[in-house]
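Data first, discussion second: the structure below is written as structure tokens.
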Protein chains: 2
Amino acid sequence: MNSSIEELLTSEQQLITEAITSKIESLPIPKRLKDSVLYSVQAGGKRIRPILMKWTVAALGGNIARVYPTAVALEMIHTYSLIHDDLPSMDDDKFRRGQLTNHKKFDEATAILAGDGLLTNSFFMVSNSDQYTPKEKSYLISLLAEASGLTGMVAGQYLDMQAENQEITIDELEEIHRLKTGGLISFAIETGGFIAGVTNQQQLLLKDLGDCLGLIFQIQDDILDVEGDQALLGKQVGSDVSNEKSTYTSILGVDGAKQHKERYVQKMKGILSQLHLTDSDLAQLCHYISERNQ
Amino acid sequence: MNSSIEELLTSEQQLITEAITSKIESLPIPKRLKDSVLYSVQAGGKRIRPILMKWTVAALGGNIARVYPTAVALEMIHTYSLIHDDLPSMDDDKFRRGQLTNHKKFDEATAILAGDGLLTNSFFMVSNSDQYTPKEKSYLISLLAEASGLTGMVAGQYLDMQAENQEITIDELEEIHRLKTGGLISFAIETGGFIAGVTNQQQLLLKDLGDCLGLIFQIQDDILDVEGDQALLGKQVGSDVSNEKSTYTSILGVDGAKQHKERYVQKMKGILSQLHLTDSDLAQLCHYISERNQ
């Protein structure tokens, strides 16, 4: 199973990269600033969010062409968040995905502006698309801004930094992850449903599925930071311990984290079954995310 | 004239500050991050952009209640841009409007996140408002994102930093100002017309008026940096010279800059007359901006 899903994912990743690249390339941006944006946009990455959105639409029989503007906007926001999170005053990371971080390759000011610009233009992507009605656009923009703004991802990154060198509870940890990464993963799946035109009740279930999957993604991340293969991951393992960050494994132990994840996996399976999506590529991807080794 | 317009402006500034403050207060944001956002939002400032928008709507007989969501969004974006521009890696300013800059009062990471959050939530302000139709929302969001993103204000700030210690031409300087500050000033006036429901032709004239006024604003800024009264301005004069920045006065001399401004003032008067707005408060405000001493 994994080799075929990995091939599929690779080709989806290429499509997403091409879609973002061509959008950025087409804009009249000062040369070096554009280079900086493209550098981070093309730095690889799993493209989990846009692929989840696309495969949700596909599983529900929606029109795939209607995915791209929102999927690209979402990945632009994810990319901006990585650029800003890596800054010296934030997580101070010098490498990401085996490459220099944006501010190391360019400079801090350019990195901040590249992030600001990606964030701003993500909303333009949706508002200026010809794939949605005006009502759909304002709904999508509201959800996207809410998931990524002062009460969403920005709050999550703030709380994550505050929690460094602090003892926090599992509930506090989970609140941080819901805000910092879960919100955009939920957005991907919920919005996939919206674009495919599902009922409100189905959309709520998809949002719950996104919530489970966001936490599963993060628990697996923490497990891999202890047990993972550095070569596969493309980053150093054990970095959470050396950064004195609270993680699922530091709070629950590795076995406890695995059991905790298993509860969300069971919930995820239940939702997929309720939505009659057990046999979909989307379901395969959900399982792949929960068992990923990179 | 000036004392009465100054009283009017002061009361408008209070209304804008209250509108932004109550919006931010109502959101469930982590305490210190919220404090940081409120600190910059309440730091005073001329509120030129939202007031221009409001007075344009008033001059054209539009519904004032429909101004606020977009005016607040615009001022949130302006505030975010000041927070990020002041950062050590950008303009490295320690004081703004006589107060510590956000990153000096809090810290760099918090300042970056406060800016990111203000930017993101500005789009939520418009998309989630009950004052506009969905079609109006997506139009307003497109204009706002375009004026402030990778081909607008972000590009302007980038080019402005690149131009430091460089000899640039008056055309290059004007391009930077159009992107960095002119775009949002134009947005204020153009959007005021849109909200008031003017014709497309009138909207284009309003955009031109905004373009003139944005440049007039900047030329006057440069003149005040040479001739201004430090106590009135609340900032040090001569800072452009000591920062080796190209300005209207460094390129054209003070008299040349005044003559250059006068050409835009004449154009501005012509547009105001074409729009039959010569006797409006908006026209008074335009003249006030071109002659301001603070």
Side-chain angles (χ1 to χ4, degrees), chain A residues 24 27-30 32-34 37 77 80-81 84 87-91 103 107-129 132-146 148-155 157-159 161-162, chain B residues 24 27-30 32-34 37 77 80-81 84 87-91 103 107-129 132-146 148-155 157-159 161-162:
Chain A
I24 303 293
L27 298 173
I29 306 169
R32 192 163 159 279
L33 178 61
K34 186 188 266 193
V37 171
I77 288 195
Y80 121 74
S81 76
H84 282 194
L87 288 167
S89 63
M90 300 261 229
D91 300 344
H103 65 275
D107 55 72
E108 265 187 74
T110 304
I112 293 170
L113 289 170
D116 291 345
L118 276 166
L119 171 58
T120 312
N121 280 65
S122 72
F123 294 105
F124 186 77
M125 273 299 298
V126 180
S127 68
N128 203 44
S129 162
Y132 314 120
T133 65
K135 198 171 169 185
E136 288 173 330
K137 288 179 192 179
S138 45
Y139 180 75
L140 289 166
I141 290 168
S142 280
L143 283 194
L144 187 56
E146 200 165 25
S148 44
L150 285 166
T151 60
M153 185 178 69
V154 165
Q157 171 65 5
Y158 179 80
L159 293 173
M161 288 192 313
Q162 295 298 107
Chain B
I24 302 293
L27 298 173
I29 306 169
R32 192 164 158 280
L33 178 60
K34 185 187 267 192
V37 171
I77 288 194
Y80 121 75
S81 75
H84 281 195
L87 288 167
S89 63
M90 301 261 230
D91 300 344
H103 65 275
D107 55 72
E108 266 186 73
T110 304
I112 292 170
L113 289 170
D116 291 345
L118 277 166
L119 170 58
T120 312
N121 280 65
S122 71
F123 294 105
F124 187 77
M125 273 300 297
V126 179
S127 68
N128 204 45
S129 162
Y132 314 120
T133 65
K135 200 172 167 185
E136 288 174 330
K137 288 180 193 180
S138 44
Y139 180 75
L140 289 166
I141 289 168
S142 280
L143 283 193
L144 187 55
E146 201 166 23
S148 44
L150 286 166
T151 59
M153 185 178 69
V154 165
Q157 170 65 5
Y158 179 79
L159 294 173
M161 288 192 314
Q162 294 299 107

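Just so we're on the same page: letters track the sequence lines, and every chain starts at 1. No hydrogens, no waters, no symmetry mates; every other heavy atom, side chains included, goes into these values.
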(request) Determine the minimum heavy-atom distance between S127(A) and S138(B), stating which atoms define it. (result) CB-O, 3.7 Å
(request) With a 4.5 angstrom heavy-atom cut-off, could you sort out which part of L87(B) is near chain A: side chain, backbone, both or neither? (result) side chain
(request) Could you look at Y132(B) and say if it's the side chain, the backbone, both or neither that has a heavy atom under 4.5 Å from chain A? (result) neither
(message) Can you tell me which of L143(A), I141(A), L144(A) forms the most heavy-atom pairs within a distance under 4.5 Å of chain B?
(response) I141(A)
(request) Count the heavy-atom pairs under 4.5 Å between each of A114(A), A111(A), A145(A) and chain B, then report the option with the highest count. (result) A145(A)
(request) Tell me, for E136(B) versus chain A, whether the close heavy atoms (under 4.5 Å) come from the side chain, the backbone, both or neither. (result) neither
(message) So M90(B) and L113(A), do their side chains get closer than 4.5 Å, heavy atoms only?
(response) yes
(request) To the nearest 0.5 Å, tell me how far S148(B) OG sits from F123(A) CZ. (result) 10.5 Å
(message) Run the side-chain contact (heavy atoms from CB on, under 4.5 Å) test against N121(B) and tell me which residues pass, sequence neighbours left out.
(response) L150(A), L27(B), M76(B)
(request) Calculate, to the nearest 0.5 Å, the distance between atoms CG and CZ belonging to L159(A) and R32(B) respectively. (result) 11.5 Å
(request) Under the side-chain contact (heavy atoms from CB on, under 4.5 Å) rule, collect the residues that match up with N128(A), sequence neighbours excluded. (result) F124(A), S142(B)
(request) Specify whether H84(A) and H84(B) have parallel, tilted or perpendicular ring planes, treating 30° as the upper limit for parallel and 60° as the lower limit for perpendicular. (result) perpendicular
(request) Write down the atom of A109(B), the atom of S89(A), and the distance for their closest heavy-atom approach. (result) CB-O, 3.2 Å
(message) Show the nearest heavy-atom pair for residues D116(B) and Y80(A), with the distance to one decimal.
(response) CB-OH, 3.3 Å
(message) What verdict does the side-chain contact (heavy atoms from CB on, under 4.5 Å) test give for T120(A) and I77(B), after you've listed the backbone C-alpha separation in whole Å, the side-chain angles of each residue and the deciding distance to 0.1 Å?
(response) CA-CA 10 Å; T120(A) 312; I77(B) 288 194; 5.8 Å; no
(request) Determine the option with the most heavy-atom pairs under 4.5 angstrom with chain B, choosing from V37(A), T151(A), L33(A), T133(A). (result) L33(A)
(message) Which atoms of V126(B) are under 4.5 Å from chain A, going by heavy atoms: the side chain, the backbone, both sets, or neither?
(response) neither
(message) I'd like to know which of G117(A), S122(A), P88(A) tops the heavy-atom pair count under 4.5 Å against chain B.
(response) G117(A)
(request) Specify which of L118(B), L140(B), I112(B) makes the most heavy-atom pairs with chain A at under 4.5 Å. (result) I112(B)
(request) Using non-hydrogen atoms and a 4.5 Å limit, figure out which bit of K135(B) sits close to chain A: side chain, backbone, both or neither. (result) both
